[in-house]
Amino acid sequence: MSQGQKYYYLIEVQYLGFRYHGWAKQPVVKTVQGMINRTLKFILGDTAFKTLGAGRTDAMVSSNQGFFELFTKEPLNHDQLMIDLNINLPHDIRAIGIECKDAKFNVIQDVKEKEYTYLFSFGEKNHPFAAPFMVYIRESLDLEQMIIGARLFEGTHDFRQYCYQAKEETSCVRTIDSSEITINDLLTANFFPKESFVYKVKGSGFMRHQVRLIMGTLFSLGKGEITLDHIRDSLKYPEAKPLYYIAPASGLMLNTLKYN
C-alpha cells in the first residue's frame, strides 16, 4: 500500500483487551489489530488495504475509545462497512464510527489528548468476573497518600524513570495535564466490589508502560514502601535507577482520545 494510497478512513473502535496480546499485529499470538485485519480481509476480499493504529496498547489492556486509520485504493461504503465490521468482528471488539480523511491527516501525530484510566480495589478479594476490568491489591492502601502522590505527576517532567527500558538518546520529557485518583465513577457491575477506585491521567502522549509504571509507584506509595519524596526525586533526578514496578495490565484502559 505504499504506492497509490487514495482513500483514508478513520475508524473508531472499542475493545476488551483481556484475551489479546495487545493492539499491534504479531506473528502467532492473537492481537486486536490482527483480528481487525483478518476481519477486513474477509469483508474487502481482493481490495488491498493497510491499517495503522493511533497508539499501541499492551496485552490485556482495553480501550473505550480507540482509533485506527484504514488505507485503501478503492472507495468504500461507510454504512455497509460499519454493518459488516460489527457482524464479523468478535463480540469483544466493536466499530462505532467511520470518518473520511485525506493524506494530510496523521492518525498518530494529530492526537490532541489521551485519557487513560486504571481501575483498582483493595481489601476483600474481588469476584473473579471483575478480573478483566480492575486490579485487586491484597495489602491495605493509604489512599490519602496516593491521591497526593498522583498530583505530583502533573506538569512537564522528564519521565525517564517511567519509561520502560528507555534508550539513552530517547527524550522522555512529556506533559501530563491531569493526574488524579477518585472513587470509581467510570464502570459499574453487580459483581464489582462495594468500593473501587480509578486513576485518571490525561496528556497528549505516553511512553512505553508509562501509565503502568506510574500506577506501580502509586501502589508502592499506598503500601508505605516509598514516600512522596521518592516521587519528587524521581522527577527531579530522572537519571537515578528506577524501581520498575509495573502495575498489572488488566486494570488499564484507554478511555478517551481526542484529535486536533
Side-chain angles (χ1 to χ4, degrees), residues 22 54-61 108-122 134-184 186 196-258 260:
R56 298 188 174 196
T57 48
D58 297 336
M60 300 179 71
V61 174
I108 297 174
Q109 296 179 3
D110 288 350
V111 172
K112 179 182 179 182
E113 180 186 83
K114 291 181 180 180
E115 180 187 57
Y116 281 94
T117 59
Y118 194 102
L119 291 175
F120 66 96
S121 66
F122 63 95
M134 71 173 59
V135 165
Y136 158 73
I137 301 297
R138 180 176 57 84
E139 298 90 341
S140 180
L141 297 176
D142 186 336
L143 277 172
E144 291 186 8
Q145 284 289 97
M146 292 176 68
I147 289 170
I148 296 170
R151 292 292 188 185
L152 297 179
F153 291 103
E154 294 180 344
T156 301
H157 305 283
D158 188 331
F159 286 97
R160 179 163 295 273
Q161 289 204 36
Y162 300 93
C163 178
Y164 183 67
Q165 294 183 341
K167 296 180 180 179
E168 188 173 338
E169 66 273 15
T170 301
S171 173
C172 297
V173 176
R174 296 291 189 277
T175 300
I176 287 182
D177 298 319
S178 66
S179 172
E180 62 175 355
I181 291 176
T182 66
I183 295 290
N184 172 26
L186 186 66
S196 59
F197 307 91
V198 58
Y199 172 57
K200 301 177 182 178
V201 59
K202 293 181 182 180
S204 60
F206 297 88
M207 298 173 293
R208 186 185 182 195
H209 296 336
Q210 183 178 350
V211 179
R212 290 171 60 194
L213 283 163
I214 290 174
M215 195 69 239
T217 300
L218 291 173
F219 282 150
S220 294
L221 177 67
K223 294 175 186 178
E225 297 171 348
I226 62 172
T227 67
L228 290 168
D229 283 338
H230 169 89
I231 296 177
R232 295 187 182 100
D233 288 346
S234 71
L235 299 172
K236 188 176 181 181
Y237 309 108
E239 298 299 333
K241 185 178 180 180
L243 287 177
Y244 273 163
Y245 172 24
I246 303 177
S250 55
L252 184 60
M253 178 173 68
L254 174 57
N255 190 39
T256 60
L257 193 155
K258 298 178 181 178
N260 291 318

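Residue numbers count from 1 along this sequence. Since this is a predicted model, take the numbers as computed values, not measurements.
Put simply, the side chain of Phe122 reaches to within 4.5 Å of the side chain of Ser140, judged on heavy atoms. By the 4.5 Å heavy-atom criterion applied to side chains, Val198 and Ile181 are not counted as neighbours. Side-chain contact check for Arg174 versus Thr156: every heavy-atom pair is 4.5 Å or farther apart. Here the side chains of Val111 and Ser204 are not in contact, with every heavy-atom distance at 4.5 Å or above.
In terms of heavy atoms, Leu218 sits closest to Phe153 at CD2-CE1, 4.0 Å. Considering every non-hydrogen atom in both Ala249 and Val61, the closest pair reads O-CG2, 3.7 Å. Residues Arg212 and Asp58 approach most closely at NH1-OD2, 3.0 Å, considering heavy atoms. Considering all non-hydrogen atoms of both residues, Thr227 and Leu221 come closest at C-CD1, 3.6 Å. Annotation for Ser121 and Met134: closest pair OG-SD, 4.0 Å, computed over non-hydrogen atoms. Between Thr217 and His230, the shortest heavy-atom distance links the atoms CG2-CD2, 4.2 Å.
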Exercise. Kindly determine whether Leu254 and Lys114 satisfy side chain to side chain contact (heavy atoms under 4.5 Å, CB included), including the steps that lead there.
Key: CA-CA 7 Å; Leu254 174 57; Lys114 291 181 180 180; 4.2 Å; yes
Practice problem: Could you give me the CA-CA distance, side-chain angles and deciding distance for Phe197 and Leu141, then say whether side chain to side chain contact (heavy atoms under 4.5 Å, CB included) is met? | Solution: CA-CA 11 Å; Phe197 307 91; Leu141 297 176; over 6 Å; no
Exercise. Just do the ring-ring contact (aromatic ring centres under 6.0 Å, His included) check on Tyr116 and Tyr199 with the steps written out, would you?
Key: CA-CA 8 Å; Tyr116 281 94; Tyr199 172 57; over 10 Å; no
Exercise. Give the intermediate values and the outcome of side chain to side chain contact (heavy atoms under 4.5 Å, CB included) for residues Met207 and Cys172.
Key: CA-CA 8 Å; Met207 298 173 293; Cys172 297; 3.7 Å; yes
Exercise. Would you please test Ile137 and Lys223 for side chain to side chain contact (heavy atoms under 4.5 Å, CB included) and show each step?
Key: CA-CA 10 Å; Ile137 301 297; Lys223 294 175 186 178; 3.9 Å; yes
Self-check item: Working for ring-ring contact (aromatic ring centres under 6.0 Å, His included), residues Phe159 and Phe206
Solution: CA-CA 10 Å; Phe159 286 97; Phe206 297 88; 8.4 Å; no
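To the nearest 0.5 angstrom, Met215 atom CE is 14.0 Å from Gln210 atom CD. Taken from CE in Met253 to CG in Leu186, the straight-line distance is 4.0 Å, to the nearest 0.5 Å. Rounding to the nearest 0.5 Å places CD1 of Ile147 at 11.5 Å from OG of Ser179. How far CG of Asn255 is from OG1 of Thr117: 4.5 Å, rounded to the nearest 0.5 Å. Rounded to the nearest 0.5 Å, atoms OG (Ser220) and CD (Glu139) are 9.5 Å apart. Atoms OG1 and NZ, from Thr256 and Lys202 in turn, are 6.5 Å apart once rounded to the nearest 0.5 Å.
Looking at Arg151 and Glu180, a side-chain N of the basic residue comes within less than 4.0 Å of a carboxylate O on the acidic one, giving a salt bridge.
At least one donor-acceptor pair closer than 3.5 Å links the side chain of Asn260 to the backbone N or O of Asp110. Gln161 contributes a side-chain N or O that, together with a main-chain N or O of Tyr237, makes up a donor-acceptor pair within less than 3.5 Å. Judged by distance alone, with hydrogens and angles left aside, the side-chain atoms of Thr175 form no donor-acceptor pair with the main-chain N or O of Gly155 at under 3.5 Å. No donor-acceptor pair closer than 3.5 Å links the side chain of Glu113 to the backbone N or O of Gly203.
Between Tyr118 and Phe219, the ring planes lie perpendicular to each other; the angle is over 60°, past the 30° to 60° tilted range.
Annotation: Arg232, atom CZ; neighbour count of heavy atoms from other residues, nucleotides and ligands within 6.0 Å is above 12.
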